[in-house]
Each structure stands twice: as structure tokens, then as C-alpha cells.
Amino acid sequence: MSKLTLDSVEWGVFRIKDIFTIENCKCSKVSGLDTGRIPYVGATNQNNGTINYLSKYDNLITKGNCIVFVCDGEGSMGYSFYKYEDFIGTTTVKVGRNTKLNKFNGMFITTVADTVRGKYNFGYKRNQNRLENEILHLPIKNDGSPHWEYMRQFMRKLEKENIEKVLSYLRSYND
């Protein structure tokens, strides 16, 4: 993969249910839970979905390395974000899993997935059926499957370029 541009790859259309297994999160009530170090994730478009930090409650933990889809909430319905770490999620979010998912292709997919957020509102919520049938336009391999490696490399390249810009700025600022 020599040229990592968005127009150097073929694109395909996928329903979320065709590439992810969807799971529900388990925390329906946060009152009475102790604060701690485990991210409490819910319906927000800030802080990568983290609303607070709670103590570890094994029965409420959702394993990381997933995409979190916000299904209900004030102004954040339709957003998605990648979570690497384990967390406690509200029942207003669902997670998508795929064994090929990682931090980089997860960030690529959430950027694409967030383009649908404008269609949801309090009269038209993101329920299980609507989430599963959302359309994602993703790079594809010759066999028509998602090109997970392309997405990973593309996002790694963007990250590297941005880190280099920041370092260059800091060097010039310190000179």
C-alpha cells in the first residue's frame, strides 16, 4: 500500500450489522455507585464519551476495543467513538465489535459513522434496528470486504503527520 489517499482506494457500502456485532451496555442507574478509576461512558459528544469515573463493578463492565454508538441523549444522539479501555456504559449506548477492529481503523470508522448524526432527534431515536441498518461507506479490498488495514494505515499516517506538525511548532516556539 504505497499511496495512502482517500481516492487511491475503492469504496463500498456496508450496513453496521454486516461488519459489527452489536451489544448493549449494562448501567441503567449511576446513583449509588462509588467514584473510582473506570470510565463511565454515556450520551455525550465530549471527552470520548466519558462522563465520570466509577469504581469497578464487574457486572457492569463492558470490554474495550469497540465502537460506542450513542443511541439517546441530549444533543449527542448519533455520535460514535472508539474505546480502547474497559468501561461502564449507560443503557443509552451500544457497542459494535469486530475482531479486526483497532484504535486506528476504529477512529476511521467513527469519523464515517458520525456523518449520520443529523438524522436523529428526540422524535426519531437511534434504536437497535436503525443502528444495525445505518450505512457506512468504507474502503474495500478486491473481495469486497472492508479494507481494515488500509483504514489503519491511513489513520496512522494522519496521526504521524499531526504529531510532526506539533513537534515542529514546539521546536520553533522554543528557539
Side-chain angles (χ1 to χ4, degrees), residues 1-25 39 41-50 61-73 75-87 89-90 92-121 124-169:
M1 196 176 312
S2 58
K3 188 175 164 189
L4 291 175
T5 63
L6 294 176
D7 59 359
S8 69
V9 68
E10 294 292 320
W11 292 77
V13 175
F14 301 91
R15 282 188 163 79
I16 286 181
K17 69 181 177 183
D18 295 334
I19 56 174
F20 290 109
T21 302
I22 304 297
E23 299 173 4
N24 295 318
C25 288
V41 172
T44 180
N45 60 0
Q46 312 242 331
N47 301 318
N48 205 33
T50 301
I61 295 290
T62 298
K63 291 289 181 191
N65 192 35
C66 61
I67 293 181
V68 177
F69 299 99
V70 180
C71 296
D72 194 1
S76 57
M77 193 178 344
Y79 278 95
S80 60
F81 40 87
Y82 174 80
K83 291 302 275 185
Y84 172 77
E85 71 278 15
D86 295 351
F87 61 94
T90 70
T92 61
V93 300
K94 296 184 182 294
V95 299
R97 298 199 182 280
N98 186 301
T99 57
K100 296 180 181 168
L101 189 66
N102 61 47
K103 170 183 148 181
F104 295 104
N105 58 36
M107 289 187 297
F108 189 104
I109 291 171
T110 59
T111 302
V112 171
D114 280 354
T115 62
V116 303
R117 69 177 178 257
K119 78 178 191 180
Y120 294 112
N121 58 51
Y124 190 75
K125 295 189 182 207
R126 190 186 219 180
N127 61 29
Q128 179 89 20
N129 184 55
R130 290 177 183 146
L131 173 62
E132 289 177 346
N133 286 293
E134 282 179 20
I135 300 294
L136 299 175
H137 295 271
L138 298 174
I140 59 173
K141 295 178 7 181
N142 291 339
D143 66 2
S145 65
H147 203 318
W148 296 95
E149 182 61 18
Y150 174 90
M151 292 183 273
R152 183 188 71 81
Q153 286 189 21
F154 185 86
M155 293 306 288
R156 285 190 69 190
K157 178 180 177 266
L158 283 181
E159 181 182 71
K160 183 179 181 219
E161 288 171 356
N162 284 307
I163 289 171
E164 287 171 357
K165 285 179 188 176
V166 169
L167 291 175
S168 175
Y169 170 78

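Because only heavy atoms are used, hydrogens play no part in the values below, and waters and symmetry mates are left out as well, while side chains stay in.
Side-chain atoms of Ser168 never come within 3.5 Å of backbone atoms of Glu164 as a donor-acceptor pair (strictly under, hydrogens ignored). Remark: side-chain polar atoms of Asn98 are paired, donor with acceptor, to backbone N or O of Ile19 under 3.5 angstrom. The backbone N or O of Lys94 sits nowhere less than 3.5 Å from a side-chain atom of Asn24 that would complete a donor-acceptor pair. The backbone N or O of Asn102 lies less than 3.5 Å from a partner atom in the side chain of Asn105, making a donor-acceptor pair. For the pair Thr110 (side chain) and Ser80 (backbone), a donor-acceptor distance under 3.5 Å is absent.
Between Phe20 and Ile109 the shortest side-chain heavy-atom distance falls below 4.5 Å. Contact annotation: the side chain of Tyr82 approaches that of Asn65 to within less than 4.5 Å [non-hydrogen atoms, C-beta and beyond]. A 4.5 Å side-chain heavy-atom check between Phe81 and Val70 finds at least one atom pair inside the cut-off. Residues Trp148 and Leu101 are in side-chain contact: their nearest non-hydrogen atoms beyond the backbone lie under 4.5 Å apart. Between Asn121 and Met77 there is no side-chain heavy-atom pair separated by less than 4.5 Å.
Salt-bridge check for Glu161 with Lys165: failed, with every basic side-chain N at 4.0 Å or more from each acidic carboxylate O. Under a 4.0 Å N-O distance rule, the pair Glu85/Lys83 qualifies as a salt bridge. Using a cutoff of 4.0 Å between basic side-chain nitrogens and carboxylate oxygens, Arg152 and Glu149 are scored as salt-bridged.
Nearest approach of Gly89 to Cys25, heavy atoms of both residues: O-CB, 3.4 Å. Lys125 and Cys71 get closest at one heavy-atom pair: CB-O, 4.2 Å. In terms of heavy-atom proximity, Pro39 sits nearest to Thr50 at CB-OG1, 3.8 Å. Shortest non-hydrogen contact noted between Phe69 and Ala113 is CE2-CB, 4.5 Å. Between Ala43 and Gly73, the shortest heavy-atom contact is CB-CA, 3.6 Å. Taking each heavy atom of Phe14 and Ser145 in turn, the nearest pair found is CZ-C, 3.9 Å.
Within 6.0 Å of atom NZ in Lys119, more than 12 heavy atoms from other residues, nucleotides or ligands are found, so the atom counts as buried in its surroundings. More than 12 non-hydrogen atoms from other residues, nucleotides or ligands lie less than 6.0 angstrom from CZ of Arg130. Crowding of Asn142 atom CG: a count of heavy atoms from other residues, nucleotides or ligands under 6.0 Å not exceeding 12.
Distance NZ/Lys17 to CD/Gln128: 10.5 Å, rounded to 0.5 Å. Atom CZ in Phe108 sits 7.5 Å away from atom CE in Met155 (nearest 0.5 Å). Taking CG of Asn129 as the reference point, atom CG of Asn133 lies at 5.0 Å (rounded to 0.5 Å). Expressed to the nearest 0.5 Å, how far NZ of Lys157 lies from CG of Asn162 amounts to 10.5 Å.
Residues passing the side chain to side chain contact (heavy atoms under 4.5 Å, CB included) test with Arg97 are Glu23, Thr62, Lys63, Cys66, Val95, sequence neighbours excluded. Take Thr90 and apply the side chain to side chain contact (heavy atoms under 4.5 Å, CB included) test, not counting sequence neighbours, and it matches Tyr40, Thr92, Val93.
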Name each donor-acceptor pair under 3.5 Å that joins a side chain in residues 134-141 to protein atoms two or more places apart or in another chain, with its distance.
{"residue": "Glu134", "atom": "OE1", "partner": "Arg126", "partner atom": "NH2", "Å": "2.9"}
{"residue": "Glu134", "atom": "OE2", "partner": "Tyr120", "partner atom": "OH", "Å": "2.6"}
{"residue": "Glu134", "atom": "OE2", "partner": "Arg126", "partner atom": "NE", "Å": "2.7"}
{"residue": "Glu134", "atom": "OE2", "partner": "Arg126", "partner atom": "NH2", "Å": "3.3"}

